[in-house]
Protein chains: 2
Amino acid sequence: MNRAEQREHTRRTLLRESRRLFAAQGYAAVGLAEIVRAAGVTKGALYHHFDGGKTALFRSVLEEVQQEVAQAVARAADAEDDPWEQLLAGCRTFLASAADPEVQQIMLLDGPAVLGWNEWRALDEAASARHLAEALTSLIDAGILSPQPVEPLTRLLSGAMNETALWLASSSGPADLADAQAALTRILEGLRAA
Amino acid sequence: MNRAEQREHTRRTLLRESRRLFAAQGYAAVGLAEIVRAAGVTKGALYHHFDGGKTALFRSVLEEVQQEVAQAVARAADAEDDPWEQLLAGCRTFLASAADPEVQQIMLLDGPAVLGWNEWRALDEAASARHLAEALTSLIDAGILSPQPVEPLTRLLSGAMNETALWLASSSGPADLADAQAALTRILEGLRAA
DNA sequence: CCCTTTTACATACCGACGGTATGCGAGTAG
DNA sequence: CTACTCGCATACCGTCGGTATGTAAAAGGG
């Protein structure tokens, strides 16, 4: 194994193990000692790969999670032809993806608190909220949604989905996801009429 | 000053100063040393009043903040006669109240991450989400909203308002609050039609 | 093939933090 | 006046995130 491979291996191991621990226990409850022990390295390696220490490691994990969610959403949206159906499919898929406890703890609970809301929002924007905003803009241009500022609407819908996903984890019978998706659909359809 | 008065004075001072610091710097960035110095006491006093230490102190601060927001919302809603107008007024007031940076940092950012989402939701439920759910139930019973599960809808709306409030803090020109309230109204009116 | 440099870590250490055990003096009750 | 309680202060501890330094192996030039 040459040096580049070894480096990548260590980095990926740190990301994988820290992601598992952050998801299971929450950012604050996980110590660097536990992370490096799980990864089979030492703190020296961690700080060599992640300049900002614990925070930078968490940021990388968060980006990874957000990319995965965004990919799932994009895939679901691309499977539809009609722009309106793309929005519905994307939103429903986001809700389903964010129902994963790993995603919740890292992306929805610790993310904003650890990085601050501004940085969290910037990452969220880059990963998925931008696509939502673009979709809404297209629908407004096409006359399917009434003309209005896109940013507040994007945040309303994004926040609605985020907190509903968290709710799904607590009281989740299997019917709740369907109920939540139905309620979300009702909201979107209500906007369409107007 | 007798003992009961002294006790209450110390407790209120700790709550006031810790609230100020938590709001300004975030939970994790504030040390107990800083809190007790600002309050003019020592850690002994803090642990005498708040059995769970830093976490318990934060929980008390959070409850205080939530109560204040809930009171403002209830007052705005009670000022209206029509149930539908009560809902609109309550939601708009919540958005305006949660635009306060103190409220955001404590109630929306650190709250869920520090206490965990389940406990945060229980406190939120007791303070304000319960009223929202009751209002929605009444509107469904009155035939103003279409029959549907109330819980998912409550979480969708609550989450929409929470994240929009956070957005207001970042990019806030003074017109943004009005835009956000207008978008929220559009969503609610859309539900009404259906 | 050897020597130099760089790289990818490991080791050892530090200050600060949250938390606890104990001490103490002023109130309060009998 | 006394005994007891209560509201804190003091002193101390283990653990944490972070850093400075050491080191062995890989890479690169002659």
Side-chain angles (χ1 to χ4, degrees), chain A residues 1-62 106 110-111 113-116 119, chain B residues 1-62 106 110-111 113-116 119:
Chain A
M1 199 184 292
N2 69 22
R3 244 194 345 213
E5 287 170 341
Q6 179 61 42
R7 177 184 173 83
E8 198 54 22
H9 174 72
T10 299
R11 182 187 152 85
R12 294 184 74 84
T13 304
L14 277 168
L15 279 173
R16 174 165 37 86
E17 294 303 313
S18 67
R19 173 173 172 167
R20 189 174 55 80
L21 292 166
F22 285 150
Q25 307 174 222
Y27 178 82
V30 178
L32 291 187
E34 193 176 359
I35 294 175
V36 297
R37 178 159 36 85
V41 294
T42 64
K43 283 199 285 187
L46 197 156
Y47 277 88
H48 183 68
H49 284 278
F50 300 94
D51 257 19
K54 195 185 178 187
T55 308
L57 175 59
F58 177 78
R59 182 172 12 247
S60 292
V61 169
L62 172 59
I106 292 170
D110 285 329
V114 171
L115 301 180
E119 187 175 350
Chain B
M1 199 184 291
N2 68 23
R3 260 216 305 232
E5 287 171 341
Q6 178 61 43
R7 177 184 173 84
E8 197 55 22
H9 174 72
T10 300
R11 181 187 154 84
R12 296 184 73 84
T13 304
L14 277 168
L15 279 172
R16 175 165 37 87
E17 295 304 314
S18 66
R19 172 174 175 168
R20 188 174 55 81
L21 292 165
F22 285 149
Q25 308 175 222
Y27 178 83
V30 179
L32 292 186
E34 193 177 357
I35 293 176
V36 298
R37 179 159 34 85
V41 294
T42 65
K43 285 199 285 186
L46 197 157
Y47 277 87
H48 184 70
H49 283 278
F50 300 94
D51 257 19
K54 196 186 180 187
T55 308
L57 175 59
F58 177 78
R59 179 167 21 240
S60 292
V61 170
L62 172 59
I106 293 170
D110 285 329
V114 172
L115 301 181
E119 187 174 352

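Protein chains get the first letters and strands the later ones, always in sequence-line order, with residue 1 at the start of each.
Here the closest non-hydrogen pair linking B:Ser18 and B:Ile35 is CB-CG2, 3.9 Å. The minimum heavy-atom distance between B:Ala38 and B:Leu21, with the atom names listed, is CB-CD1, 4.2 Å. Listed here is the closest heavy atom pair of B:Ala39 and B:Thr13: O-CG2, 3.7 Å. When all heavy atoms of B:Ser60 and B:Phe50 are compared, the pair lying nearest together is OG-CE2, 3.6 Å. When all heavy atoms of A:Val36 and A:Leu46 are compared, the pair lying nearest together is CG1-CD1, 3.7 Å.
To the nearest angstrom, C1' of C:dG23 lies 19 Å from OH of B:Tyr47. Remark: C1' of C:dA8 and CD of A:Glu5 are 15 Å apart, rounded to the nearest angstrom. Rounded to an integer number of Å, the gap from CZ of B:Arg37 to P of D:dA9 is 15 Å. Regarding B:Leu14, its CG atom lies at a distance of 14 Å from the P atom of D:dG7, rounded to whole Å. In this entry the distance linking CG of B:Leu21 with C1' of C:dG18 reads 16 Å, nearest Å. If you take CG of B:Asp51 and P of C:dG19, they are 12 Å apart, rounded to a whole angstrom. Rounded to whole Å, the distance from CG on A:Leu32 to C1' on D:dC16 is 8 Å. What separates NZ of A:Lys54 from P of D:dT19 is a distance of 14 Å, to the nearest Å.
Salt bridge status for B:Glu34 with B:Arg37: absent, with no side-chain N to carboxylate O gap under 4.0 Å.
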Can you check each nucleotide of nucleotides 9-14 of chain C against protein heavy atoms at under 4.0 Å and return B for base, S for sugar-phosphate only, - for none, in 5' to 3' order? BBB---

In 5'-to-3' order, the base (B), backbone-only (S) or no-contact (-) status of each nucleotide in nucleotides 24-30 of chain C, using a 4.0 angstrom heavy-atom cut-off, is --BBS--

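When B:Leu57, B:Leu62, B:Val61, B:Thr55 are each tested for a side-chain contact (heavy atoms from CB on, under 4.5 Å) with B:Arg59, only one passes: B:Thr55.
Atom CZ of A:Phe22 and atom CG of A:Asp110 lie 8.5 Å apart (nearest 0.5 Å).
Among the atoms of the strands shown, none is found under 4.0 Å from any heavy atom of A:Val36.
By the neighbour-count criterion of 12 heavy atoms within 6.0 Å, atom CG of A:Asn2 is densely surrounded, having more than that number from other residues, nucleotides or ligands.
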